[in-house]
J.: 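The structure follows.
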Amino acid sequence: MVVGGCAAALLATAAGPAYAVDNLPPKQPLIQDLQTENKPCAAGDDMPYVSQPPRLSAALYDPEEDNQPAEANLVKGEFEVWWTDGAGVEQRRTHTTSMSLSGVRYAWTVPDDIPANTVVSWHVRANDGEATSAWSDGGDGSACSFVYDDVSPEKATISSPEYPKPEEVFWVDGVGVYGHFTMDSPSDDVVSYKYEFLGGPSGTVPAGQPGGAVTIPYLPLTSGPKWLAVRAVDRSGRWSAESRYEFNVQSGRAPVARWKLDDPAGSRSAAAETGTAARAGIGVTFGGPAPSGTGTTATVGLDGNGHGFLTTDAPATDIRKSFAVSGWARPAETGRNMTVASQDADEEPGFTLGLRNQETGPAWSFAIGDATVSGGAPETGEWAHLLGLYDAETGRARLYVNGHEVGTAAEATPTDAAGAFQIGRARGATGYRDRWHGDIGDVRVHDRVVVPDEVTELALRKPKQLGRWSMENAVDGTSPEQSGRAPLRLGAGASIYRDSDGPCDPGEDPDCPYVPPALVGNGHLSLDGETGYAAADGPVVDTTESFTLGVVVRLADSDPARPMTVLSQAGEHTDVFKMRYEPSTYTWQLVMAEKDEIGAPEKVVAQIKSSEGGQERRLAVVYDDGTDQIKLFLDGSIKATASLPHGLRSTGALQIGRAKAGDGWGEYLHGDVDEVQAYSGALRDRDVPFLGTGTDFCPC
């Protein structure tokens, strides 16, 4: 409570004995209870600077011994400020507050006639109406001081050696290359700078000393025109006008070394797209399989023995500076330490990227100097994209697996590693060790930071469309797939509805009953909820690998009485997965069996709450085997995510509108279905909203 108005009323009792107590003076205000514009009381070099006539405040107290049964302790504050004017004459202003309770905070905003750029001092004392305390600066106390600054600082100047202005150099390297921007101001009272880069980051950075310059690092994450806006801030909190510095950033420069490792079978060396060719040991086999959905067309197989390696006999980059090393890797085993790439130092590797066994099991690993970052779960026979990054600006090492950062970034101190670059082995005190057994493809080395969006693109495995059923028509009980693949068979109780099938034309007949329009395009699949379904001739997606399924659905009942399945695909005995609506919880659910056994329990792995009632919904399920995550999407943006380390193998046909129920079928859907789409591979979150829109979208 801050007092500036009326005092509290006295407490009263109806009757009681009389007390005679001598009045004690209020307590001397303590320095720690005084504030200048919410800043602690101070003087000399520590006194605050303020941008307007400040509000002074103090907590004032009357001794508890003065408190009688018929009274409350009341005090008022007496403030005084003083300064010496330009003629050398001392000036004073005073203010007395209203009376109020002991212990509350009393305040006074000083008058506007105080001078600027002049030391103004003040003190305060308490008055209980009969006696007055000592001034706050009496005895061991001290006066408070402040300076009113009425002039804003001058605009900041900005410069950068790495990113000059366009009139000096129009386009400059580049994404993943740090720039350093120096901010300065002609004003000698500037204590900090507020800055903002286009698209971020932004913040406030303090000056080392009043009026001092500040240099900040900036890492461009995207190419194109950029700007940095800066305001200088003085010790009173005043801002300067904005300064803006414009510069243009090029795309990230190409790797300094790259081996596609797609050389013809029988080759004895790997050609370098950039850098030095890598000779191969006799344990290297060219012409191996490549990870699907990537630009890689072939890989090399290494036998895990002494001759299974490739080397340039020269370093690829200076690892004491920022760099990144990446490649595709598929281990043939996971029970021992194995190296994808390294660079030699004295009797040890300067860095290693590969697989390490830990107490918790095998993990991908990037080690440099005294730091190791580990994460992810390597699986025998499964491709993974690895990228190890050392950022010399921050001094941190990071590891990315399949485009996602894993583990915890670690502080690293690299050693001089001017030895040869190695693929498939790491240097040890007595020779090479941790030899790779498996396949490796497309190894790259960058002499800069590879930014997150670039990491995602390097690891991207583009999904392949397996089918799109638009439900526009049916011929002989089947609805065709858009590209001529296998059609969907329509069961009893299933039909294709088209807008032209309506009983009448509402434009001509005002009594024409309302019939919901086609979901997408001119038609959709209509299911009766009793026997209606559609099915493929077999499994459409491989549920042990990454896959995506999308569908548009509209329930016919505003308040369904039972669960209804939209899509399902079974194993030998039970559904491996099903997407359904559960009316008891008002949720769309992704349900998976724990085992492919008769009577195996089901588990709701992801669900999204949503009230229905004839609304069109777009659903999608995305399984990413690389990250061991499965996601349920509603309307393209709402999602629920669950961990799924291993998917069950599905051998049953894709079903639309029903699910397994014992030896038969159940959970029949009463409603409409459209735009069933299936992909091998996991769509990115940003691509999912395109599913079910009726466009020919394909991220393939």
Side-chain angles (χ1 to χ4, degrees), residues 152-234 238-258 274-275 316-324 389-396 398 414 444-458:
S152 297
E154 294 188 43
K155 291 175 63 174
T157 60
I158 309 170
S159 61
S160 171
E162 297 90 354
Y163 290 96
K165 295 180 178 181
E167 52 265 33
E168 300 173 17
V169 181
F170 195 79
W171 288 102
V172 187
D173 256 357
V175 170
V177 176
Y178 276 95
H180 297 84
F181 292 78
T182 299
M183 303 171 287
D184 200 358
S185 172
S187 300
D188 60 7
D189 61 346
V190 168
V191 295
S192 64
Y193 298 87
K194 297 183 72 68
Y195 69 90
E196 179 185 8
F197 286 93
L198 174 64
S202 61
T204 300
V205 58
Q209 60 184 20
V214 172
T215 300
I216 58 173
Y218 168 67
L219 181 66
L221 302 180
T222 58
S223 60
K226 308 289 183 183
W227 50 254
L228 166 62
V230 176
R231 293 180 185 270
V233 184
D234 69 16
R238 287 183 173 274
W239 296 8
S240 72
E242 181 182 276
S243 301
R244 180 166 293 202
Y245 183 94
E246 297 180 347
F247 56 102
N248 294 322
V249 177
Q250 292 187 123
S251 299
R253 61 177 179 252
V256 292
R258 182 184 180 187
T274 55
T317 191
D318 184 350
I319 71 168
R320 294 168 299 179
K321 301 177 182 179
S322 294
F323 79 96
L389 169 66
Y390 172 65
D391 185 335
E393 187 75 30
T394 64
R396 290 181 172 270
R398 300 180 183 274
R444 310 185 193 201
V445 180
H446 287 82
D447 64 344
R448 61 176 177 87
V449 174
V450 176
V451 302
D453 282 353
E454 293 177 314
V455 177
T456 299
E457 288 300 317
L458 286 173

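FYI, side chains are in, hydrogens and waters are out, and symmetry mates aren't considered; it's all heavy atoms of this structure. Residues take their numbers from the sequence shown, with the count starting at 1.
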J.: Determine whether the side chains of T222 and K226 contain a donor N or O and an acceptor N or O closer than 3.5 Å.
T.: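 Yes.
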J.: Are side-chain heavy atoms of V451 and V175 found at a separation under 4.5 Å?
T.: yes
J.: Could you grab the distance from atom OG1 of T317 to atom OH of Y390, nearest 0.5 Å is fine?
T.: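 Those atoms lie 12.5 Å apart.
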J.: Could you tell me the separation between the OG atom of S251 and the CG atom of D173, rounded to the nearest 0.5 Å?
T.: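 One gets 10.0 Å once the value is rounded to the nearest 0.5 Å.
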J.: Return the minimal non-hydrogen interatomic distance between G174 and P220, and the atom names on each side.
T.: O-CG, 3.9 Å
J.: To check you understand the geometry: which heavy-atom pair defines the closest contact between S160 and Y245, and what is its length?
T.: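 So the two residues come closest at N-OH, 3.7 Å.
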J.: Do NZ/NE/NH1/NH2 and the carboxylate oxygens of R244 and E242 come within less than 4.0 Å?
T.: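 So R244 pairs with E242 through a salt bridge.
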J.: Check the angle between the aromatic planes of F197 and Y195 and answer parallel, tilted or perpendicular using the 30° and 60° thresholds.
T.: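 Plane angle over 60°, so perpendicular.
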J.: Using the side chain to side chain contact (heavy atoms under 4.5 Å, CB included) rule, take R444 and V450 through it: C-alpha gap first, then chi angles, then the decisive distance, then the call.
T.: CA-CA 11 Å; R444 310 185 193 201; V450 176; over 6 Å; no
J.: Could you tell me whether the side chain of V449 reaches within less than 4.5 Å of the side chain of L389, counting heavy atoms only?
T.: yes
J.: Taking atom CH2 of W171 as the centre, does the number of heavy atoms from other residues, nucleotides or ligands within less than 6.0 Å exceed 12?
T.: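 Atom CH2 in W171 is packed in, count exceeds 12.
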J.: Quick check: do S322 and R448 have side-chain heavy atoms less than 4.5 Å from each other?
T.: no
J.: Using 30° and 60° as the class boundaries, would you call the ring planes of F247 and F181 parallel, tilted or perpendicular?
T.: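 Ring orientation of F247 relative to F181: tilted.
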J.: Taking atom CG of D189 and atom CD of E154, what is their separation to the nearest 0.5 Å?
T.: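 Reported to 0.5 Å precision, the distance equals 10.0 Å.
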J.: Hey, what do you get for CZ (R253) to OG1 (T274), rounding to the nearest 0.5 Å?
T.: 12.0 Å
J.: Please assess D391 against R398 for the test side chain to side chain contact (heavy atoms under 4.5 Å, CB included), listing each intermediate value before the final yes or no.
T.: CA-CA 8 Å; D391 185 335; R398 300 180 183 274; 5.9 Å; no
J.: So which atom in L198 and which in P225 form the shortest heavy-atom distance, rounded to 0.1 Å?
T.: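 Looks like CD2-O, 3.5 Å.
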J.: Restricting to non-hydrogen atoms, name the atom on G212 and the atom on A207 that form the minimum distance, rounded to 0.1 Å.
T.: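 In this case the closest contact between G212 and A207 is O-CB, 3.6 Å.
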J.: Does the side chain of P153 come within less than 4.5 Å of R238's, by heavy atoms?
T.: yes
J.: Write down the atom of V256, the atom of A316, and the distance for their closest heavy-atom approach.
T.: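 Scanning both residues completely, I find the closest heavy atoms to be CG2-O, 3.7 Å.
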J.: Give me the one residue out of V177, V169, N248, L228 that meets side chain to side chain contact (heavy atoms under 4.5 Å, CB included) with Y163.
T.: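 The side chain to side chain contact (heavy atoms under 4.5 Å, CB included) with Y163 is passed solely by V177 among V177, V169, N248, L228.
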J.: Does the side chain of K321 reach to within under 4.5 Å of the side chain of D447, using non-hydrogen atoms?
T.: no
J.: Can a side-chain donor-acceptor contact be found between T215 and T182 if the only test is distance below 3.5 angstrom?
T.: yes
J.: Which heavy-atom pair separates E196 from W227 by the least distance, and what is that distance?
T.: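 So the two residues come closest at O-CZ3, 3.4 Å.
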J.: So, using side chain to side chain contact (heavy atoms under 4.5 Å, CB included) as the criterion, who are the partners of K155 when residues are at least two apart?
T.: A241, S243
